[in-house]
6 protein chains.
Amino acid sequence: MKRNDGRANKELRPVKMTRDFVIYPEGSVLIEMGSTRVLCNASVEEKVPRFLAGKGKGWVTAEYSLLPRSTHQRNSREAAKGKQTGRTQEIQRLIGRALRSVVDLEALGEKSITVDCDVLQADGGTRTASITGAFVALAIALDKVCKDEGKFPLKDFLAAISVGIVDGDEMLDLCYEEDSRAEVDMNIVMTGGGSYVELQGTGEEHTFDKKQLKKMVGLGEKGCSRLIEIQKEVLGKISERVGK
Amino acid sequence: MKRNDGRANKELRPVKMTRDFVIYPEGSVLIEMGSTRVLCNASVEEKVPRFLAGKGKGWVTAEYSLLPRSTHQRNSREAAKGKQTGRTQEIQRLIGRALRSVVDLEALGEKSITVDCDVLQADGGTRTASITGAFVALAIALDKVCKDEGKFPLKDFLAAISVGIVDGDEMLDLCYEEDSRAEVDMNIVMTGGGSYVELQGTGEEHTFDKKQLKKMVGLGEKGCSRLIEIQKEVLGKISERVGK
Amino acid sequence: MKRNDGRANKELRPVKMTRDFVIYPEGSVLIEMGSTRVLCNASVEEKVPRFLAGKGKGWVTAEYSLLPRSTHQRNSREAAKGKQTGRTQEIQRLIGRALRSVVDLEALGEKSITVDCDVLQADGGTRTASITGAFVALAIALDKVCKDEGKFPLKDFLAAISVGIVDGDEMLDLCYEEDSRAEVDMNIVMTGGGSYVELQGTGEEHTFDKKQLKKMVGLGEKGCSRLIEIQKEVLGKISERVGK
Amino acid sequence: MKRNDGRANKELRPVKMTRDFVIYPEGSVLIEMGSTRVLCNASVEEKVPRFLAGKGKGWVTAEYSLLPRSTHQRNSREAAKGKQTGRTQEIQRLIGRALRSVVDLEALGEKSITVDCDVLQADGGTRTASITGAFVALAIALDKVCKDEGKFPLKDFLAAISVGIVDGDEMLDLCYEEDSRAEVDMNIVMTGGGSYVELQGTGEEHTFDKKQLKKMVGLGEKGCSRLIEIQKEVLGKISERVGK
Amino acid sequence: MKRNDGRANKELRPVKMTRDFVIYPEGSVLIEMGSTRVLCNASVEEKVPRFLAGKGKGWVTAEYSLLPRSTHQRNSREAAKGKQTGRTQEIQRLIGRALRSVVDLEALGEKSITVDCDVLQADGGTRTASITGAFVALAIALDKVCKDEGKFPLKDFLAAISVGIVDGDEMLDLCYEEDSRAEVDMNIVMTGGGSYVELQGTGEEHTFDKKQLKKMVGLGEKGCSRLIEIQKEVLGKISERVGK
Amino acid sequence: MKRNDGRANKELRPVKMTRDFVIYPEGSVLIEMGSTRVLCNASVEEKVPRFLAGKGKGWVTAEYSLLPRSTHQRNSREAAKGKQTGRTQEIQRLIGRALRSVVDLEALGEKSITVDCDVLQADGGTRTASITGAFVALAIALDKVCKDEGKFPLKDFLAAISVGIVDGDEMLDLCYEEDSRAEVDMNIVMTGGGSYVELQGTGEEHTFDKKQLKKMVGLGEKGCSRLIEIQKEVLGKISERVGK
């Protein structure tokens with residue numbers, strides 16, 4: 001079974017992260033995985049949500065959106081419809097939760113960081129690309145606002161990738177065309193230390209067994225570990241502060 | 001480490017399903033797992049959503065809600081706030097997706113089934129109890145509307161359970177108190193045939209490794225398989241139609 | 001003219017109130033009047049709405065909802081539609097107003113009580129059953145939070161019932177089938193002392209005269225007075241605090 | 001006990017109805033009762049709501065609004081807040097229901113009439129003034145669109161008035177200052193034939209007994225009957241078509 | 001080319017401003033320009049929006065609405081639809097901006113003034129009539145709340161008028177019928193000193209050249225200057241405080 | 001008076017238009033004017049809005065949005081707030097109206113084109129950059145969907161620019177810093193033929209006179225004419241179809 005861009009089943013698409021794509025945010029990264037392009041902008045505010053007021057802790061959250069024509073067919077603008085879809089809310093909750101798993105909120109102190117993940121072009125894997133890119137934007141922003149004193153609020157690296165079963169074969173990093181005919185779709189979020197943060201496998205109209213689960217998890221581990229290498233290159237000296 | 005109700009780590013809470021709790025729906029079940037109580041009502045309509053019009057297929061969907069005082073502290077009513085939270089939308093998408101994995105939508109024909117899962121009392125595991133109870137309500141409704149002719153639209157049984165890591169130990173079927181201090185929380189949805197339908201593991205502010213993943217999945221399998229036995233008892237003769 | 005359950009025109013349906021149906025609220029009652037079942041949960045908060053801040057007075061309010069399949073045909077979920085219907089708002093305003101008529105808000109002090117009335121099964125008379133049940137839930141909650149010191153904040157008992165004219169006959173406590181073909185529909189809310197709190201008579205597409213008004217009011221008085229006897233039995237010792 | 005404008009307790013405020021206040025509607029009336037001024041515009045459309053499609057019947061409905069500065073203190077604009085208050089919805093449901101009680105919807109045929117009641121200046125009794133004025137606007141509109149053929153769709157006249165108990169005295173047609181310190185507030189809607197259409201008595205923080213009810217109903221009857229005389233004068237020849 | 005009411009191209013429609021049309025607002029004016037009638041009510045509050053808190057400055061803002069049947073065809077009520085149209089928002093932003101151009105916000109001090117412009121009858125030019133009437137309502141309100149001490153917060157007079165090109169001719173103060181077939185539509189807002197405050201020219205499906213622009217601006221200047229004369233008559237002695 | 005990037009008052013910022021920035025839309029252009037960057041994507045659908053059904057005409061509309069961190073301070077996401085601001089609606093109405101002025105809707109036929117203008121980075125002049133970029137995206141899309149047969153639906157070129165008065169000097173193409181301290185702000189939309197399409201001058205808290213108006217219009221004309229030259233270069237052969 002050949003993939004339509006000739007990749008091996010265990011291969012990522014070409015990955016590129018461009019720093020400072022937008023000039024205003026504390027951290028800004030355009031991540032590209034094949035034709036998928038997500039703009040990740042991290043904004044820092046010197047205040048916390050009400051439920052954290054006075055606790056000496058910070059907060060990290062994410063918002064996600066598809067530009068109307070980031071997809072093959074135009075999808076209508078959520079601001080015009082007056083509400084975010086369930087899918088959007090589910091994805092932005094996932095991104096925020098994943099980021100918080102590697103942030104030391106006490107070390108961050110009373111700051112809020114919002115990472116906006118706006119998909120400019122969608123070709124599958126936008127939620128995992130968002131997590132991988134958002135981590136880099138977050139690291140850049142934290143490097144800017146957390147000067148030398150004390151502990152750096154990032155405990156570890158974080159990356160995410162999709163895996164799936166297409167025509168019976170386990171594959172890494174599905175593009176849109178593969179994703180839309182996949183029997184099973186799984187998103188894996190991992191740390192630099194090789195632990196799982198989030199693992200979401202879904203078989204709409206199909207199911208999967210233990211062996212397939214194991215194979216998918218194995219592919220995902222390799223993918224995340226490769227993405228973290230690339231994050232380190234992009235972050236350069238900042239990457240040395242992570243976990244310190 | 002003892003659990004606060006004295007259960008073993010691999011043990012379910014007492015499970016009870018009451019049929020026909022409400023008299024109007026085509027299928028109605030009150031499921032209780034310990035103190036968690038969810039009312040699952042399946043409603044059948046002789047029409048399909050627009051995107052399925054004229055395709056000869058049916059649709060199954062779910063809605064989920066917490067009654068305002070089903071929880072320790074009153075949470076405000078979504079209808080009064082004018083929108084459903086991201087959590088609610090995420091859960092109802094999960095329930096619908098899980099149910100559809102065991103429904104033969106062609107065999108169902110041009111009908112829509114909505115399963116309302118309204119939580120009367122919440123003590124952890126409401127989304128998995130909803131799936132387990134919704135399956136039974138769905139089976140009763142289908143038994144009522146699909147008379148002898150042809151294939152029964154349910155391909156297999158379906159149940160769901162939560163597992164987690166609390167104070168370093170893997171445990172089955174977490175109650176609220178355990179859930180709120182769990183390091184890792186995982187929901188597992190399985191079929192009667194022992195396949196996975198959905199597997200969602202999350203470690204907010206913690207992570208988990210391969211060994212822990214394996215242990216949790218093992219516990220979940222046993223839990224789902226026990227729940228399916230109970231479903232069969234509750235469904236009685238209807239359970240013989242499943243998969244036929 | 002026989003009623004379809006054989007009752008006399010001046011007879012109530014069987015009434016049952018189950019205390020502590022849900023374990024978390026300060027006061028919880030499931031009221032059943034025939035097939036109508038409403039879950040009434042009273043929640044106490046140690047704060048008041050802004051317009052009462054610093055006045056040393058409390059507040060009592062109510063929310064009302066039909067579960068989607070509490071009715072013969074499924075009605076769509078208000079949280080999903082993003083707003084409460086006019087009917088819902090009218091009913092919850094009525095319940096709150098009625099409850100406040102027997103509460104001494106100064107004696108209550110700076111507390112807010114919200115009584116949620118969620119209809120599990122609807123067979124006519126849900127708004128009056130809500131008032132009758134909400135009063136009991138409120139009394140239980142007040143008994144819990146108002147310890148011996150001082151005046152008990154309930155000045156009197158409170159119950160409500162529907163009356164109507166069906167096929168020319170005045171009848172007490174209409175079920176859904178009677179209600180939907182009634183020429184006139186009236187809701188009466190009364191205190192233990194026999195005064196009127198609210199009286200709402202409506203003749204959509206019909207009208208009524210002075211004699212009919214008098215007859216309906218007479219039936220309603222007897223109904224309310226019987227309901228208050230039942231409330232006293234359910235409340236037991238708590239009922240002795242009312243009016244003290 | 002003197003009223004602050006010197007009226008007797010059984011006396012209406014000065015009533016004035018100006019026809020054709022706005023030039024576009026099929027029926028337009030500005031009703032003034034003392035300082036209360038409501039603009040009632042009836043609009044006819046040659047279509048019916050979906051639930052009446054193909055039944056050969058028409059529909060009559062009403063909308064109600066307070067201009068932001070029709071009141072002593074400015075109240076915020078409902079369009080800006082994005083929703084109508086419960087009070088607004090309750091009032092417009094009442095107006096619509098009351099109007100429909102005197103309309104023969106079959107004789108109307110497949111038309112919809114919306115009567116907009118916009119309060120320009122509010123000094124108590126806006127909902128009853130709306131009903132009384134809306135009836136006249138409706139009659140003018142029906143006279144315009146229902147040419148000689150067949151039955152005129154208005155079966156009877158319709159008027160409404162408020163009564164209340166202020167400082168222990170029953171009074172007719174309360175102004176704002178009286179209304180805001182009333183112990184009991186009642187709205188009465190009656191036909192030209194002297195039947196009740198709607199009767200809503202409310203005693204927030206007070207109650208009322210049978211004698212008081214009787215007195216209030218008596219005052220209301222006289223008030224409605226005087227208002228219907230005025231409607232006849234305003235309608236002139238149109239009033240002869242009512243009930244024919 | 002004759003205009004349908006016989007006016008010359010450079011002529012305004014009959015203008016009338018009625019003070020104190022509503023009794024509660026600090027300033028109330030009904031402005032009529034031909035058949036266009038707008039009720040302008042200015043409300044003063046002793047507080048400022050959050051972004052101005054503690055700056056010692058005041059704020060002036062406007063809201064605009066068409067009554068549902070102020071137009072030839074009924075347009076649906078924005079409060080019922082749950083949101084204001086883009087057109088409404090654009091117009092109320094324009095009115096507020098225009099008013100603020102002649103208000104000395106420091107001299108006003110920490111007060112907010114909201115001018116509600118509710119169109120009772122619309123025959124073209126409602127936004128410019130709103131500005132012209134709102135200025136007068138504002139002046140009356142300021143005269144009431146700014147007693148002799150210090151500077152009067154109005155720096156200059158303000159009026160607005162529409163001009164357009166209809167069938168190739170430049171015309172002043174278009175009525176609805178002219179507006180709807182105009183090739184170019186321009187709104188001009190000017191001060192008593194003859195300066196421009198806002199100038200908005202639009203040629204949907206048409207364009208205009210420099211000569212036409214000049215002619216339209218010339219007509220608009222004359223119209224505004226005539227309107228300011230009328231404002232002075234209506235304001236009487238208050239007009240002497242403007243600019244002092 | 002020097003501008004902070006050393007430009008002359010009559011000079012545009014560096015302009016760049018990148019075609020096919022996103023691969024899915026029928027027409028896609030990234031326009032950059034200095035640091036302002038707007039992504040303009042034109043989407044074609046083979047249907048028209050209801051009000052045009054069956055008239056043989058097409059429709060062109062626009063949507064506009066600022067990415068949350070396209071600005072110096074993060075502004076909250078409109079989809080999360082559940083509605084578009086008045087500013088957004090005003091801008092997208094302007095863009096749509098401007099585009100339609102050069103489109104022959106009959107020649108377009110029953111198609112709808114939506115141009116999404118999403119601001120990636122905002123440094124002043126986003127609405128005029130949107131118009132200039134949207135025209136190019138529209139031309140590319142029309143070239144793709146309107147094959148050789150018949151009239152090309154674009155009647156002329158279209159560009160827009162801002163002008164303003166800053167510290168008393170008229171200037172072309174204001175950046176954010178200039179715009180925020182400008183006394184007067186004017187947006188000019190012109191065709192290739194040198195006619196005005198839209199002219200919006202605003203002097204919040206300032207006014208302007210006839211001489212200043214003339215100077216601003218003169219600067220704007222030169223700016224638009226230079227932008228149209230650049231559009232022609234970017235469009236290449238497509239530009240020859242315009243007006244044919």
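Proteins get letters first, then strands, A, B, ... in listed order; numbering begins at 1 in each. Quick caveat, the model's predicted, so the values are computed rather than measured.
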**Student:** About how many Å separate CG of B/Leu235 and CG of B/Asp143, when rounded to the nearest 0.5 Å?
**Tutor:** 8.5 Å
**Student:** Strictly distance-based, threshold 3.5 Å: is any side-chain N or O of B/Glu178 a donor or acceptor partner for the main-chain N or O of B/Cys175?
**Tutor:** yes
**Student:** Pick whichever of B/Arg97, B/Arg93, B/Arg100, B/Gln200 has the most heavy-atom pairs under 4.5 Å with chain A.
**Tutor:** B/Arg93
**Student:** Whether the side chain of B/Ser162 engages the backbone of B/Asn187 through a donor-acceptor N/O pair (distance < 3.5 Å, no angle test) should be reported.
**Tutor:** no
**Student:** Which value, rounded to the nearest 0.5 Å, describes the distance between B/Cys117 atom SG and B/Asn41 atom CG?
**Tutor:** 8.5 Å
**Student:** Over all heavy atoms of both residues, which pair between B/Ser130 and B/Thr126 is shortest? Give the atoms and the distance, please.
**Tutor:** OG-O, 2.7 Å
**Student:** Determine which residues belonging to residues 219-230 of chain B lie within contact range of chain A, meaning some heavy atom pair is under 4.5 Å apart, and list them by number or answer 'none'.
**Tutor:** B/Glu221
**Student:** On a heavy-atom basis, which atom in B/Val115 and which in B/Ala134 lie closest, and how many Å separate them?
**Tutor:** CG1-CB, 3.6 Å
**Student:** Determine whether B/Thr36 and B/Tyr176 satisfy the following criterion, side chain to side chain donor-acceptor pair (under 3.5 Å), listing intermediate values before the conclusion.
**Tutor:** CA-CA 9 Å; B/Thr36 287; B/Tyr176 174 75; over 6 Å; no
**Student:** Within the side chain of A/Gln231, is there an N or O that forms a donor-acceptor pair under 3.5 Å with the backbone of A/Thr132?
**Tutor:** yes
**Student:** Which atoms of B/Leu94 come close to chain A, meaning under 4.5 Å heavy atom to heavy atom: side chain ones, backbone ones, both, or neither?
**Tutor:** neither
**Student:** Is chain A contacted by the side chain of B/Lys210, its backbone, both, or neither, given a heavy-atom distance below 4.5 Å?
**Tutor:** both
**Student:** Is the side chain of B/Gln92 donor-acceptor paired with the backbone N or O of B/Tyr64 at a distance under 3.5 Å, no angle test?
**Tutor:** yes
**Student:** In Å, rounded to the nearest 0.5 Å, how long is the span from OG1 of B/Thr128 to CG of B/Asp173?
**Tutor:** 7.0 Å
**Student:** With a 4.0 Å cut-off, would you call A/Glu110 and A/Lys47 a salt bridge?
**Tutor:** no
**Student:** If you measure from NZ on A/Lys211 to CE on A/Met216, what distance do you get to the nearest 0.5 Å?
**Tutor:** 13.5 Å
**Student:** Indicate yes or no for a side-chain donor-acceptor contact from B/Glu183 to the backbone of B/Gly168 under 3.5 Å, with no hydrogens or angles considered.
**Tutor:** yes
**Student:** If you round to the nearest 0.5 Å, how far is CG of B/Leu172 from NZ of B/Lys10?
**Tutor:** 10.5 Å
**Student:** Do A/Lys111 and A/Glu45 meet the salt-bridge criterion of a basic N to acidic O distance under 4.0 Å?
**Tutor:** no
**Student:** Which atom names give the shortest non-hydrogen contact between A/Phe152 and A/Ala139, and what distance separates them?
**Tutor:** CZ-O, 4.1 Å
**Student:** Which residues, numbered in order, of residues 154-161 of chain A come under 4.5 angstrom of chain B by heavy-atom distance?
**Tutor:** A/Lys155
**Student:** Kindly indicate, with the supporting measurements, whether the criterion salt bridge (charged side-chain N to carboxylate O under 4.0 Å, His left out) is fulfilled by B/Glu240 and B/Lys244.
**Tutor:** CA-CA 8 Å; B/Glu240 293 165 23; B/Lys244 296 284 161 56; over 6 Å; no
**Student:** So which of B/Val103, B/Asp209, B/Leu199, B/Leu213 has the biggest tally of heavy-atom pairs under 4.5 Å with chain A?
**Tutor:** B/Leu199
**Student:** What distance do B/Glu170 atom CD and B/Ile165 atom CD1 have between them, rounded to the nearest 0.5 Å?
**Tutor:** 5.0 Å
**Student:** Taking heavy atoms only and a threshold strictly under 4.5 Å, list by residue number the residues of residues 189-197 of chain A that touch chain B; give 'none' if the list is empty.
**Tutor:** A/Thr191, A/Ser195, A/Tyr196, A/Val197
**Student:** Output the residues of residues 71-85 of chain B for which the shortest heavy-atom distance to chain A is under 4.5 Å, in residue-number order; output 'none' if no such residue exists.
**Tutor:** B/Gln84, B/Thr85
